[in-house]
Undergrad: 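Before I ask anything, let me first share the structure, which is written out below as structure tokens.
Hydrogens, waters and symmetry mates are skipped; everything else that's a heavy atom, side chains included, is used.
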Amino acid sequence: MESVSYRGRIVSSTFISTLEETAAWRDELDAAGKRVVLTNGVFDLLHVGHVRYLNEARALGDALVVAINADESVRELKGEGRPLYTAEDRAEILCALAAVDRVVVFGEKRATNVIEAVNPHIYTKGGDYTAESLIDEERELMNRMGIEIQILSLVAGKSTSNTIKKMEGETEKSDKPRLALLGSGTGSNIRALVEAVDDGVLDAEIGLILSDAADSGVLEIAREYDLKGIHIEPGSKKRGHLTDAALKEVVDRLKANRIDLVILAGFMRVVRDPLLSEYPDRILNIHPSLLPKFPGLNAAKQAIEAGEAESGCTIHLVNAEIDGGRILAQASVPVLDGDDPDSLQARIQVREHDLYAKVIGDYWAGL
Ligand code: GRF
């Protein structure tokens with residue numbers, strides 16, 4: 001590439017600065033009493049949301065460094081077909097913006113190394129991040145280095161993914177839903193769903209099997225059937241809880257895999273925003289009781305202790321209330337004399353395995 005100059009800065013052969021150059025430049029600015037802002041992201045196919053965000057970020061200090069994800073990591077984050085533009089091209093486009101002074105590239109999943117090397121005065125993130133959703137490692141590093149963290153708001157509704165969808169005319173729903181199957185344990189329901197798809201009983205594609213437990217049966221099923229299986233560390237020891245960062249990763253993975261319906265089957269973590277608002281009426285759960293009776297844990301035990309003559313399973317949409325969304329279907333089984341929670345649960349599961357595939361197919365067809 002020829003040498004090109006932007007606002008007096010000669011860029012020879014590349015628009016990507018090395019971390020060493022950037023660190024040295026940062027020190028010069030620091031010595032002159034100037035403040036350097038760092039942000040990071042993909043910045044593939046710029047839209048007005050990016051431009052406003054970068055202008056805001058730049059206005060926090062005197063110079064702005066943008067760290068962009070390397071091509072390979074974008075593919076992992078956003079799915080096949082991304083990035084649309086190579087890191088070189090993205091860097092050149094960014095350098096043409098008045099707000100941007102330097103672009104560096106990072107290949108790791110986390111920005112920790114870049115932050116450490118650049119040592120900015122201010123680090124800023126946009127949009128769906130909150131101070132809590134920064135990866136602990138990043139936050140701890142910045143606290144240690146005395147880097148100020150600023151979260152900026154993003155322009156609603158503007159995103160490269162939305163632009164691509166519009167360009168592809170992707171407004172119609174597809175014939176077959178792409179499913180993400182989420183579970184934490186044995187995965188007998190997930191196995192039944194995978195088999196239903198294999199046998200043609202359920203007309204769907206399985207885009208992803210996701211678990212919060214590395215050793216769950218659910219991920220073994222993914223391996224056995226050669227499906228994409230992902231483990232996401234919940235980031236929290238609190239029962240049923242996912243940290244904001246873990247939840248964000250779940251949402252990112254679902255979007256990257258172009259998921260239409262999120263199917264929970266024994267997923268032992270509470271689903272909340274932003275997942276709920278990203279997939280309104282597109283998250284289903286199966287619960288082993290005749291809801292609204294016995295929501296929550298140990299449903300079979302609760303039914304026996306309440307002296308019920310029958311129990312069963314419920315498939316429902318997921319909302320912010322635990323096991324509280326609109327009921328789509330139920331199937332009942334008798335509670336027999338001498339039942340214990342395990343025997344009742346086993347009887348319920350037989351019904352679950354048939355019902356879930358049918359309800360998913362019918363629900364998609366009715367949308
Ligand atoms: C099922 O009984 C389901 O109703 C509940 O969790 C159990 C999961 O079992 N939400 P499995 O992992 O599908 O075998």
Side-chain angles (χ1 to χ4, degrees), residues 9 11 14-43 50 52-74 76-77 87 90-91 94-95 97-154 232-238 241-249 251-252 274:
R9 185 161 71 81
V11 182
T14 180
F15 290 88
I16 298 169
S17 302
T18 65
L19 288 180
E20 294 71 33
E21 286 162 3
T22 309
W25 169 78
R26 175 262 176 223
D27 288 345
E28 278 168 32
L29 288 173
D30 182 58
K34 303 236 153 101
R35 283 159 69 79
V36 173
V37 185
L38 171 70
T39 193
N40 67 288
V42 172
F43 297 101
H50 287 132
R52 288 186 202 161
Y53 170 76
L54 291 169
N55 281 334
E56 246 189 272
R58 170 66 177 74
L60 296 172
D62 303 293
L64 177 65
V65 181
V66 182
I68 60 174
N69 296 83
D71 296 345
E72 193 48 51
S73 64
V74 177
E76 208 182 297
L77 279 169
R90 286 181 280 136
L94 283 167
C95 283
L97 298 179
V100 177
D101 295 275
R102 267 176 194 264
V103 175
V104 294
V105 176
F106 68 110
E108 308 87 9
K109 215 166 134 203
R110 298 181 176 178
T112 331
N113 286 344
V114 180
I115 297 170
E116 193 163 19
V118 176
N119 185 15
H121 299 84
I122 301 166
Y123 175 76
T124 179
K125 267 282 183 199
D128 38 4
Y129 279 84
T130 62
E132 205 230 317
S133 73
L134 287 173
I135 316 271
D136 286 347
E137 189 184 293
E138 291 175 357
R139 204 186 19 247
E140 277 158 24
L141 172 78
M142 289 189 276
N143 288 341
R144 192 158 22 90
M145 294 177 71
I147 299 169
E148 183 183 331
I149 303 172
Q150 290 262 4
I151 308 290
L152 300 179
S153 55
L154 281 190
I232 290 182
E233 201 46 66
S236 167
K237 295 209 180 359
K238 210 162 91 197
H241 185 246
L242 287 171
T243 58
D244 284 355
L247 193 64
K248 182 177 185 316
E249 201 178 340
V251 172
D252 286 348

Undergrad: If you take all heavy atoms of Leu54 and Leu64, which pair is closest and at what distance?
TA: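 In terms of heavy atoms, the two residues are closest at O-CD2, 3.6 Å.
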
Undergrad: With a 4.5 Å heavy-atom cut-off, do Leu97 and Val66 have their side chains touching?
TA: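 Heavy-atom side-chain distance check fails, nothing below 4.5 Å.
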
Undergrad: Please list, chain by chain and in numerical order, all residues satisfying side-chain hydrogen bond (donor to acceptor under 3.5 Å, both in side chains) with Glu108, sequence neighbours excluded.
TA: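 Only Asn113 meet the side-chain hydrogen bond (donor to acceptor under 3.5 Å, both in side chains) criterion with Glu108.
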
Undergrad: Can you tell me how far apart CG (Leu152) and CZ (Arg52) are? Round to the nearest 0.5 Å.
TA: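 Taking CG in Leu152 and CZ in Arg52, the distance rounds to 14.0 Å.
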
Undergrad: Between OG1 of Thr18 and CZ of Arg102, what distance do you get to the nearest 0.5 Å?
TA: 7.5 Å

Undergrad: Among residues at least two apart in sequence or on other chains, which ones pass side-chain hydrogen bond (donor to acceptor under 3.5 Å, both in side chains) with Thr22?
TA: none

Undergrad: The criterion is side chain to side chain contact (heavy atoms under 4.5 Å, CB included); which residues satisfy it with Glu116, sequence neighbours excluded?
TA: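 With sequence neighbours excluded, Glu116 shows a side chain to side chain contact (heavy atoms under 4.5 Å, CB included) to Leu141, Met145, given in chain and number order.
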
Undergrad: Mind listing the closest non-hydrogen atom pair of Ser236 and His241 along with its distance?
TA: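 Scanning both residues, the minimum pair turns out to be OG-ND1, 3.1 Å.
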
Undergrad: Among pairs that include at least one residue of residues 26-35, which meet side chain to side chain donor-acceptor pair (under 3.5 Å), considering only residues two or more places apart or in two chains?
TA: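 Of all non-adjacent pairs touching residues 26-35, those that pass side chain to side chain donor-acceptor pair (under 3.5 Å) are Asp30-His121, Arg35-Glu148.
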
Undergrad: Can you tell me how far the CD1 atom of Ile147 sits from the CZ atom of Arg139, to the nearest 0.5 Å?
TA: 14.0 Å

Undergrad: Where do Phe106 and Asn40 come nearest, in terms of heavy atoms and distance?
TA: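 That would be CZ-ND2, 3.6 Å.
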
Undergrad: With a 4.5 Å limit on heavy-atom distance, are the side chains of Val118 and Leu19 in contact?
TA: yes

Undergrad: Could you pull out all residues at least two apart from Glu56 that satisfy side-chain hydrogen bond (donor to acceptor under 3.5 Å, both in side chains)?
TA: none

Undergrad: Say you draw a straight line from CD1 of Ile115 to CD1 of Ile149; how long is it, rounded to the nearest 0.5 Å?
TA: 8.0 Å

Undergrad: For salt bridge (Lys or Arg N to Asp or Glu O under 4.0 Å), just list the numbers for Asp244 and Lys248, CA-CA rounded to whole Å, side-chain angles, deciding distance to a tenth of an Å, and then say yes or no.
TA: CA-CA 6 Å; Asp244 284 355; Lys248 182 177 185 316; over 6 Å; no

Undergrad: Minimum heavy-atom separation for Ala70 and Gly107, please, with both atom names.
TA: CB-CA, 3.8 Å

Undergrad: What pairs with Ser73 under side-chain hydrogen bond (donor to acceptor under 3.5 Å, both in side chains), at least two apart in sequence or on another chain?
TA: none

Undergrad: Does some side-chain heavy atom of Val103 sit less than 4.5 Å from a side-chain heavy atom of Phe15?
TA: no

Undergrad: Which heavy atom of Gly61 sits nearest a heavy atom of Val37, and at what distance?
TA: N-CG2, 3.5 Å

Undergrad: Determine, stepwise, if the pair Asp62 / Leu29 fulfils side chain to side chain contact (heavy atoms under 4.5 Å, CB included).
TA: CA-CA 9 Å; Asp62 303 293; Leu29 288 173; over 6 Å; no

Undergrad: Taking salt bridge (charged side-chain N to carboxylate O under 4.0 Å, His left out) as the cut-off, I'd like each qualifying pair that reaches into residues 63-73, sequence neighbours left out, listed once.
TA: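 The answer is Asp71-Arg90, Glu72-Arg75.
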
Undergrad: As an exercise, state the distance from OG1 of Thr39 to CD of Gln150, rounded to the nearest 0.5 Å.
TA: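 If I round to the nearest 0.5 Å, the distance is 11.0 Å.
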
Undergrad: Restricting to side chain to side chain contact (heavy atoms under 4.5 Å, CB included), what partner residues turn up for Ala246, sequence neighbours left out?
TA: Ile232, Leu242, Thr243

Undergrad: Shortest non-hydrogen contact from Ile68 to Ala87?
TA: CD1-O, 3.5 Å

Undergrad: Measuring from atom CD1 of Ile122 to atom CG of Leu38, what distance do you get when rounded to the nearest 0.5 angstrom?
TA: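 Spacing of CD1 (Ile122) from CG (Leu38) equals 10.5 Å.
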
Undergrad: Could you tell me which residues satisfy side chain to side chain contact (heavy atoms under 4.5 Å, CB included) with Leu77, sequence neighbours excluded, listed by chain and number?
TA: Val42, Asn69

